[in-house]
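Okay, so here's the structure we're looking at.
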Number of protein chains: 2
Amino acid sequence: MKTRAPQKRRLQTRARLLSEAEKIVTTQGYSALRVEDVVAQAGVAKGTLFSHFKDKDGLLAVLIGARVMEDLEQMEALPTPRSVDDLIQKLEPCLSFVAQDRVIFDVLLRYSGSTGSEVNEVVTESFVRQITLFARWLGQMQKVQKIRSDAPAEVLAEGIQAFLNHVLALWFCAEHANDDSPAKALTPLLQVWLKPLD
Amino acid sequence: MKTRAPQKRRLQTRARLLSEAEKIVTTQGYSALRVEDVVAQAGVAKGTLFSHFKDKDGLLAVLIGARVMEDLEQMEALPTPRSVDDLIQKLEPCLSFVAQDRVIFDVLLRYSGSTGSEVNEVVTESFVRQITLFARWLGQMQKVQKIRSDAPAEVLAEGIQAFLNHVLALWFCAEHANDDSPAKALTPLLQVWLKPLD
DNA sequence: AAATTAAATTGACCGTGGTCAATATATCTG
DNA sequence: CAGATATATTGACCACGGTCAATTTAATTT
C-alpha cells in the first residue's frame, strides 16, 4: 500500500480550516458552527473539509479536544485534592466548559470510549489523559485515607467520568432551570462513591 | 386562553402516524426511520407529523418510551434482587434493548432528565418509574444487608442510571468490538457502588 | 521536458429534517 | 343556516450535512 506523506499545501489547508472554525466557535459558540461558513471563510470547497475530517463532528472533536487539553494542563499542575469537595472544585472548570453547550457534550460522549488504540484524535488522547490524571489523584488520596481503598483507583476514576456525564445529561435536560450548576448535583454522588469505609 | 379538546380526526391521524412508524421500526430498526416514509405510509403531509410531534426525536421518544414501559412492567413483576449480580441480570433486558441501536440511547439520554414536571411524554414517565423501581429494590436490599446502607436508596438508584448510561456510551464508542456486552462492564462498577460497608 | 502516477481540491448534486403561509375542515354563535 | 372562529392539514420551500466523479496541482519516472 502506497501512502506518501501529506504535502504542505494540505497541511496549510487543514490549518486554515481549523483556524477559521475556531474563529467562528469563539465568536458564535460551538452550536452555531456551519460547515458552509467554515469553508467559505477558509476559501475552499465543501468537499475539501470532508476530506480532512470524517464529518462535522470530527472537526468539532479536534477543536474541543484541544480545548479540553488546555483544561487538563491546568489541572495537572494542581496539587492532589485534599478532599472530595476539593476534588469537585478542581473538576469545575472542565465541567462548566462542557455545560456551556450541548454539542460539546454530544461530541465528547461520542468519542469518550475510544481507548486510544489507533485513532489519532485529540479527543481520544484527552480522554486517556483525563482518566490517568483522575487515577493518579485518587491513588494518592487513597494513600492518605481520604477516600475508600477497597477498589482500584482506575475503577474509581471511571466512576467519576460516569458521574460527570450523568450530571451533565441532567443539566441539559433541565434546560438550566432546576439546578444552579452541574457541580452541585455532583457532590452527593461523589461523596457516596468515594466515601471511606470507616 | 382558549383551548378546545382535540377533535377525533386529529387523534386518528396521530394514531396512524404512530402505528406506521412502529411498523417501520420493527421491520427496519429505529435508525432506519425516515420522516418521509412515515407520512407517506400514513397518507398525510409532512407538516402534519411536525404538528403532532416536536421533531423526529419526539416521535421516536413516544415509541421508545412505550417500549421501555413494557420492560419495566416485566421488571416490576420480578422479586427484589438477591444480590448485585442478580440485580444486573434483571437489568439486562433493558440494557440490551438500548444497546441495540444508538438512536435509542441518544433519545433516552436527551429526555432522561425531565423530572416529570409537566411534559406529558411517555419517556419522562418511564424515567420516574424506573428510578422509583430501583429505589424500591435498593431500599429492600438495604434492609437485608445486601448492600450499603450509608446512603439513601434514591441516591444509589441515581447512580445506577449513571452507570447504565456510562457502559452504554462505552459500548457505542467501541463499535461492539471490545467488550462482549454492556452488562459485563457494569459488574465491577456496581459491585463497588453498592458494596456493603460491613 | 514530456509522460505517468498520485494527492488534493472542486462544486454540482442529493437526502433528510424541519418551517410556515395558505387552505380545508370542523365547531360555535346569533 | 350563514357567517365567524378555532383547529387540522397541506406541500412547496429552505437549511444544512455529506457524496463523488471530474479536474487541477504536485511529485516521480523515463
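Atoms considered below: every heavy atom in the structure, side chains included; atoms not considered: hydrogens, waters and symmetry mates. Convention: sequence-line order gives letters A, B, ...; per-chain numbering from 1.
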Rounded to whole Å, please give me the gap between [atom1] in [X] and [atom2] in [N].
X	N	atom1	atom2	answer
B:Lys54	C:dG17	NZ	P	15 Å
A:Asp57	D:dC16	CG	P	16 Å
A:Phe50	C:dA7	CZ	P	22 Å
A:Lys56	D:dT19	NZ	P	14 Å
A:Asp55	C:dT16	CG	C1'	16 Å
B:Glu36	C:dC14	CD	C1'	12 Å

List, with names and distances, any nitrogen or oxygen atoms from the protein found under 3.5 Å away from nitrogen or oxygen atoms belonging to nucleotides 8-13 of chain D.
| from | atom 1 | to | atom 2 | distance (Å) |
| --- | --- | --- | --- | --- |
| D:dA8 | OP1 | B:Gln7 | N | 2.9 |
| D:dA8 | O4' | B:Arg9 | NH2 | 3.4 |
| D:dT9 | OP1 | B:Thr13 | OG1 | 2.4 |
| D:dT9 | OP2 | B:Arg10 | NH1 | 3.3 |
| D:dT9 | OP2 | B:His52 | NE2 | 3.0 |
| D:dT10 | OP2 | B:Ala45 | N | 2.8 |
| D:dT10 | OP2 | B:Thr48 | OG1 | 2.8 |
| D:dG11 | O6 | B:Gly47 | N | 3.4 |

Sugar-phosphate only, base, or nothing, as touched by A:Leu59 at under 4.0 Å among non-hydrogen atoms: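 No contact.
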Please round to the nearest 0.5 Å and tell me the distance separating atom [atom1] of [X] and atom [atom2] of [Y].
X	Y	atom1	atom2	answer
B:Leu87	B:Gln191	CG	CD	10.0 Å
B:Leu170	A:Glu158	CG	CD	6.0 Å
A:Arg102	A:Leu168	CZ	CG	10.0 Å
B:Ser112	B:Leu164	OG	CG	11.5 Å

Could you walk me through whether A:Thr48 and A:Arg16 satisfy the side-chain contact (heavy atoms from CB on, under 4.5 Å) test, starting with their C-alpha distance in whole Å, then the side-chain angles of each, then the deciding distance to 0.1 Å, before giving a yes or no? CA-CA 12 Å; A:Thr48 301; A:Arg16 266 214 317 288; over 6 Å; no
For D:dA6 and B:Arg4 - does any side-chain N or O of the residue sit under 4.0 Å from the phosphate oxygens OP1/OP2?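 No, B:Arg4 has no side-chain N/O under 4.0 Å of OP1/OP2 on D:dA6.
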Quickly, which of A:Val98, A:Leu60, A:Leu63 forms a side-chain contact (heavy atoms from CB on, under 4.5 Å) with A:Ile104? Name it, please.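 Output: one option passes, namely A:Val98.
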Quick one: sort the A:Trp193 and B:Trp193 rings into parallel, tilted or perpendicular, breaks at 30° and 60°.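 Taking B:Trp193 first and then A:Trp193, their aromatic rings sit tilted (interplane angle of 30° to 60°).
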B:Phe105 ring center within less than 6.0 Å of B:Phe172 ring center: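 That pair passes the under 6.0 Å test.
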Check whether any side-chain heavy atom of B:Arg10 lies under 4.5 Å from a side-chain heavy atom of B:Ser51, and answer yes or no.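 Touching, per the 4.5 Å side-chain cut-off.
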What stems, by residue range, does DNA chain C take part in, given at least 3 consecutive Watson-Crick or G-U pairs under 3.5 Å?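 When the pairs of DNA chain C are grouped into runs of at least three, the stems are C:1-30 with D:1-30.
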